[in-house]
Each structure stands twice: as structure tokens, then as C-alpha cells.
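Accompanying notes for the structure given below.
Reminder, nothing fancy here: chain letters follow the sequence lines and each chain counts from 1.
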Amino acid sequence: MSFTLQDILEKGALLIDGSSFIYRAYYAIPGYLTTSKGFPTKAIFGITQMLLKILKEGNPKIIVWFMDEKGPTFRHLKYEEYKATRPGMPEDLKIQIPYIKKIVSALGIPLVSAEGYEADDLIATFIKTFDIPVLMIAPDKDLFSLISERVLAYDPIRENLIDLNTFQKKYGFSPQSFCHFRALTGDPSDNIKGVPGIGEKTAQTLIQTFHTLENLYENISRVTPLKLRESLLKYKEQVFQNFDLMKLRIDAPLPSQDLSYYYRKEPNYRELKRLFKELEFRKFLKEFSFPEEIPTFQTMEISPSELKELILRENPTTFALFPEKISTGLFNLKDITLLISFTPEKCYLTKFDSALWNTFTNKEVIVYDYKALLHLIERNLEDPFDVKLASYLLNPTLKNYEFSQLVFEHLDYTLNEKTSDKGLKGVSLLLLGRELKEKLTEEGLFHWLKKVEMPLSRVLYSMEKKGIKIDLEYVRNLIREYDQKIKEIENKLFDLVGTRFNPRSSQEVAKILFEKLKLPKIKKTQKSSQPSTDAEVLEELYDHHPIVPLILRYRTLYKFKSTYLEVFLREVSSIDKRLHTEFNQTGTATGRLSSQKPNLQNIPVKGEEGLAIRRAFIAEEGCYILSLDYSQIELRILAHFSGDENLISAFERDFDIHTHTACEVFGVSPDKVTSEMRRVAKVINFGIAYGMSPYGLSKELRIDPSSAEAYIKKYFSRYPKVKEYIEKTIEFAKAQGYVQTLSGRKRFIPELFSQTKSIRELGYRIAVNTPIQGSAADLMKAAMVALFSFLEREKLKSSILLQVHDELLLEVPENELERVISLAQEIMINPFSHLGLDLCLSVALKVNVSYGKSWADCKA
DNA sequence: TCAATGTGCAA
DNA sequence: TATTGCACATTGA
């Protein structure tokens, strides 16, 4: 009788020749595959893919992974030449083996090997020991001799199934004779020489006739032609030695004689997920159905007083605190339900209550989104642990930091967005807090979170709440003025063109400029093939037609009106007539803040129109708007990181850095630097921090690429350590897969390992820019926290209103002005020491100060 | 109503 | 073929 595949999977065993499998996976898959850190994973990936497929489609009850062991086998001991010509395993395959073993184990597949024996011998012994149907996953012929009515072979790469019938059809003899056959032909891959002059065809005929070697040599006189017979006799010893080597042993030591030992076990999902993450097998992370380890717990409604009693009794050290339901009751009083959990088995639902609030002092409180919580409860909550900020510090490039996303990322289960399970949210927050605290400590970032990011959330909360005063009357007048100017320009445009069109539509503008007026197309837009009409293009076409300057002017006016002035009126609070932005503390890849609704970090400043917009931001009666901005903070940080003596000394001596660079690049003394030379130097200085290319510089400066390259070369020869630093940073990033800022925050840069050159080069620029931009952000954050706590401690009335990356905007009562200026300046110059942080720069920082009745008045 | 696109503002 | 953001208006599904 014969077995079907189904029979085998249900009643029999699936045996894998792991060692040959690994070789096949390594050589059969073309190309390279590595993690972002460059660790080779091609073989691991191939094996995993195949195993997952086998497990999914076959769902075998018994599956065993057999492997060779490192040391010599009895074959090596007997015959020196055995496998002597086989080259050693390639290094990059060798280091993958431990991972393959880990994955096999994690999948619940028993792993069998024995010192001195090859995988083949173990498989033969297994088949001999257990009389069950077997499917051998065997990518080479070494196991063919084991094929029988109950044993099939399968080549997973060629997807080729060989059963007894197929075998006999192909070879014309039974599998038991296979080693006799191979002893005649030899096996070059194992350095086994066959009989010269005997190939597959001849050997096949001989074995078909005689079945065994013994029988062949007993009847050697019947072998013709004579030459063949002589050759066989001459190599008789060799042939029997070959047979001895090829014959599979059936006395290998199996780990157990009990079949149940070889049953497939439940996968170790946690380990498997960890491995997939480490190896960056995103495909498997997505495809493999990991069961969710959702905690089991009780949800209980409880009154605040009862809960307070319970807390006093049990005295837990850590709480998770999540606002669950907010409804607005009588007199607009907020009615808040809290989820509170201090053990993963329980979650309490209770009313927000100030008496309960006191029990949290001196406890560790875990929250999600501290700033939002402060807005909600409008009370102080000292020194909590925010899981949103924590996971941002661990990885600033996540798409979003929603609670369910964090649970999925760090706790590996899916949280239903619906509030169907309130308790689970509370318990999950507690577990997230534990998990993230551990990870953060490992990364050395726990201190930074507690000392800077958490307090900063409170600072931002107070800035958002305070808002900034807007001169509404002024804005309304300005809008009227702009409306009129816009209308005038529209009319002129329509007159000149001859038809009405929408000057805000780039499509229509392009039609008029490039089709109707036949102006030269300078460049194309990014995604469509429409010719671009952006400012850069229009500048170039400025003199080609009178409508070009008009369109530029129209764009500026319309932009300022729609994006700024009208938004101010729309967004200004009806309660305090001030503008309240929202700062996002987890919104950028570098660690900067961002601002939205409205964005107050991109208020125009250039030109008369820019200042006109800034004039709308005014100080309260009796107060001043005070602006403190870091001077050249990014270049100073570059000087610190690179240690370049020239750059450092330029800052130490408080030179104008652009003029200094102009001196270096153009080889002239400071008094000979023209404004044009300074402009060029400024572009170079900025470009360096962004990793600008010679081509980019040439485009920006409208010079030819070769002169741009000469400038850059000159720059690097004058600031040699800057060049060195850039190179070292890129090397580090490629080796480690990430870069770091002063605070120790990491940004991983997968772009570095892209197959696409342009994306890879983007990765280099990110690697250079992120430590600089990110460290500047670190400094500013520390300064804000230190300044805020100073203002609070000294009970000053001054408040921080805005942060614009390297600038702080304060509203300061006149009588505090002098004191606040000197202290704020002092704090910003040395922010880390004010927080007791053990960080310092090798370059002095400089802070420019200005103040006035409006933001527009804050200029040097 | 939504997403994609082009454009432009800031550091 | 210069980094990090946010937001507007248009366009077409």
C-alpha cells in the first residue's frame, strides 16, 4: 500500500534535512538580504519563509529538524579525504545558523543532532525506529535510498515530490540499491571519486542488472565490455569504500525512542516576534498570526472615597491614570470618569475627585499624553510618566503615537478603538508604563524624560493656555487693505491676459504662461508632468512678461491673507481674545516641537509684508514682547561635534560666522569681504548642516557646479574636522543604523539601506542633519524647562508664549523686563547646568535679545 | 468629503 | 540633487 501526503501529515512525520536546507536557501536565493545594520539574513529569511509555508499548508503533527553537528563525523575519521574539497561554510552564512536554530525552536519544531553523525544518519535511524509514514524535506539526493512505500522525498526549492513509483521509473531499480549506484558514480560535492569511465547511465544499467555491489563483483565475469570490467576490478576497493561512506547509519543516537517527543509544540510566539523584530522581518510580523496576549483582569466601579481607602490600605507605589469619559454638566463643570489601575489584574472606574487626587502625591503616576491631561483636569499633577513621550523618545519616526498604536507596538496586542473595554485601557496603560520605563532605562533616556520632556509638557501646557494677544482691529484693517490690492492685481492680470482666470490655480497659470504666452518651461513639478510655476521659476521669468511679477505679488498677498490674517480672526479665542496654538511634542523626527491650529512657528518675517503680519502679535497693556534667540545655534553645535579648531575659535572670538567663512573660502581679510561674498558663504554654511551637494549649491547660488564644488572643497580644507565629522557620522550611521543627539535620543535611518540611490543619499543627509538639528532642540527644551521653573519659583508675572525652534517669545511686565532678560539669557546660554544635567558643549552659546510692543519690534 | 498635488511660510 | 515642519487652494475621484 501507499500513502497520500494527507496521510503523512496526519499520521506520519515530516523530517527536514536542515543542513542541506540551509545551504540550498543560501545559494538558491539570488542577491543579498540584510538588516538595516547590515547583518546578513538571506538564509534565515528563506528558511523561515519555507517553514511558515510548510506549517501553514501542511499543518503536520510531527515535524523534526535534523542538523549536522560541528565536529568531525565517523566518516571523516575513517577517510581523510571525505568532504576535503568542500570549501568552508561562508562567513556570512555561518553567523546565520544560530538564528535559524532559534527560529526553528521558536516555531515549536524539535531540533535533533548528534555528535559524530550527519543529519542523514539521524533521519535514516528515525525512519528505521518508527514505522510511520514519512515525508523527507530533502533538497539533495543523499536521502533517496530511504524512499519506500511509506517514505517520500520532497525538494522544497524545485517543489518536486518523489515517491517509490517516481524513483523506480527514473532509475529502474529500488531505492535500497541507490547507495550501490552512487558508490559507482561517486559524489564530487563530498569529494568521493567514482570509477573512471562510469557515468550515471552505465552505473544505472549495472545496478539494474545486479542490484548490489556484492552481486556485481561475484558476477563480474558477466560484465562487458572488457574495459569496463577491468576498470571495475581496478577500483574495487574504492567502490566499497565509497559504499561505506554513503551508506546511511541506522544506529545514530536519537534523543528519544518515544514518538511523542517529536510532536510539534506550540510556537513560542513572544520569542518568535522578538526574533522577527530583531531580524527586521516585517513581512512575517505582518503575515504570521500571532495570538494576542491580552491580560485578564476585573473592571470595577468604585466611589472615590472607597478607592481612596483601598489605596491607603494597599499602598501601591505606581498608578496608571486614564481619563475615560468626559461630559459637561451643570454650569459647564466637567464631569470626568477616571480609569485607575495599580495592579494588572484590576481596573477601577471612578469619578474625578480632588480628595482622591491627593493620594497621588509622591507616587509614580503613569499617564498617556500628560499635556492633554493637564488641559482636561486643570490641576497640577507632579512628575508623572507619560507613555506617549516615552515611546517617542525610543523612536521618533513612528507614524502616530495614539494609545492603541503604542499598545500594539510595545505590548503586542490590538486594542479595540471602541470603548467596549474600558478596563483594558487602564490595565494596558499600567503595563505600557512598566514596559517603557524598562526600555527607556536601557537606552539611558529615563533621566532625560523625567528631567526635561515631562516638565516641558507642563511648560507647553501653560504656553498653550496663555496664548498670545492679537491686535484684531489691525488685522481687520490689513485684510481690507489686502483685499483691495488683490482685486487690483486681478484686474490688471485679466486685462493683460485678455481673459479671466484663477491666479490661485497653478494649472491655469501654467497654461497661460507656457501655452498662451509660450514662455520657456524651466522645470517640471514633482508628481505630474505639469510645468512648474513656483516662485523660483517666476523669478527667472520675471522680465519676460508683465504678468509674471503680478502673479508673484498676487501669491504673496493672497497667501498672507488666507494663511495668516484670516486664520487669526477665525482661531482667536472668544474668551480671552488671544491666539492659542497647540504644540506637538511628538511630531518631528529630530526632536523639535511643531505647532498647529494655527501654526505659529511659520509666521512671516521677511520683507515689509512679513513684518506687517508680525505687527499683529502684541503685548498686553503694560507688558513687552521679549524675544530671545540663539545665535547660530546649529553651526555652534556643528563646531562642538566636529571639534574643528577654526570653527570653534571663530565662535569663541564672536566673529560673524558668515563673514569668517567668506574670508576662508575667498582667501581675503575680513575688511575685504563684500556683501556678495558673505551671501555666498552664508549659503555654504547653511548647506553644510543639511548635507548639500555641489549641484545643490550651484543651483542655489546660480553658479556652475564646478565653481560650487571648488567652494565646498575650499570650505572643507579650512574646516578639516567638519569634513571628518560628516564622514564619521555617516560611517557610524551605516554601521549602527541610527544617529544620536546630545541627549542620547536615537533616530533610526532605514533610508541608508534603501535599494534606491536617491533615498540612500537622503539617508546620508538625514544622518548629518539630525544630530545637529536634534541637539539644538535638546538645548532649547532644557532652556524652556529651566526658564519656566525659574519664573515660577520667583513668582514672576512674565510668561513664555511661543517657541520657534531657536527663539523664545515672552510676555513680560515692564517692571520685570530687566531681570527676566538677564536671567533668561543666562539660562539659555547654559541650560543643562540649570537642570543639573551632566552635559556640556565645547563651544559657547550666544543669545540675542530684543523687545518691543509687538513681535515685529523684536529685531536686532 | 477626501486624498493627492502644488505652492509657500518658518527655523 | 538641502533638513525639519504646517497649511492653504485646487483638482478630481
- Query: Looking only at side-chain N and O atoms, does A:S562 come under 4.0 Å of OP1 or OP2 in C:dC8?
  - Reply: no
- Query: Should A:R555 be listed as having a side-chain N or O under 4.0 Å from OP1 or OP2 of B:dG8?
  - Reply: yes
- May I ask you to say whether A:K523 pairs ionically with A:D534, meaning some side-chain N is under 4.0 Å from a carboxylate O? yes
- Message: Counting the atoms with a prime plus P, OP1 and OP2 as sugar-phosphate, which does A:N584 contact under 4.0 Å by heavy atoms, base, sugar-phosphate, or nothing?
- Response: nothing
- Query: For A:E807, which contact category applies under a 4.0 Å heavy-atom criterion: base, sugar-phosphate, or nothing?
  - Reply: nothing
- Hey, does A:N769 reach any base, or is it just sugar-phosphate, or nothing, if we go heavy atoms under 4.0 Å? sugar-phosphate
- Query: Quick one: do A:E634 and A:R592 make a salt bridge, cutoff under 4.0 Å?
  - Reply: yes
- Task: Answer yes or no: does a side-chain N or O of A:N602 lie under 4.0 Å from OP1 or OP2 of B:dA11?
- Result: no
- Task: Compute the centroid of each ring, for A:Y719 and then for A:Y715, and state whether the two points are separated by less than 6.0 Å.
- Result: yes
- With a 4.0 Å cut-off on heavy atoms, is A:G587 in touch with a base, just the backbone sugar-phosphate, or nothing at all? sugar-phosphate
- Task: Ignoring backbone atoms, establish whether A:K527 has a side-chain N or O less than 4.0 Å from OP1 or OP2 of B:dA4.
- Result: no
- Scan A:A689 against the nucleic acid and name what it touches under 4.0 Å (heavy atoms): base, sugar-phosphate only, or nothing. nothing
- Message: Over all strands shown, is A:A535 touching base, sugar-phosphate only, or nothing at heavy-atom distances under 4.0 angstrom?
- Response: sugar-phosphate
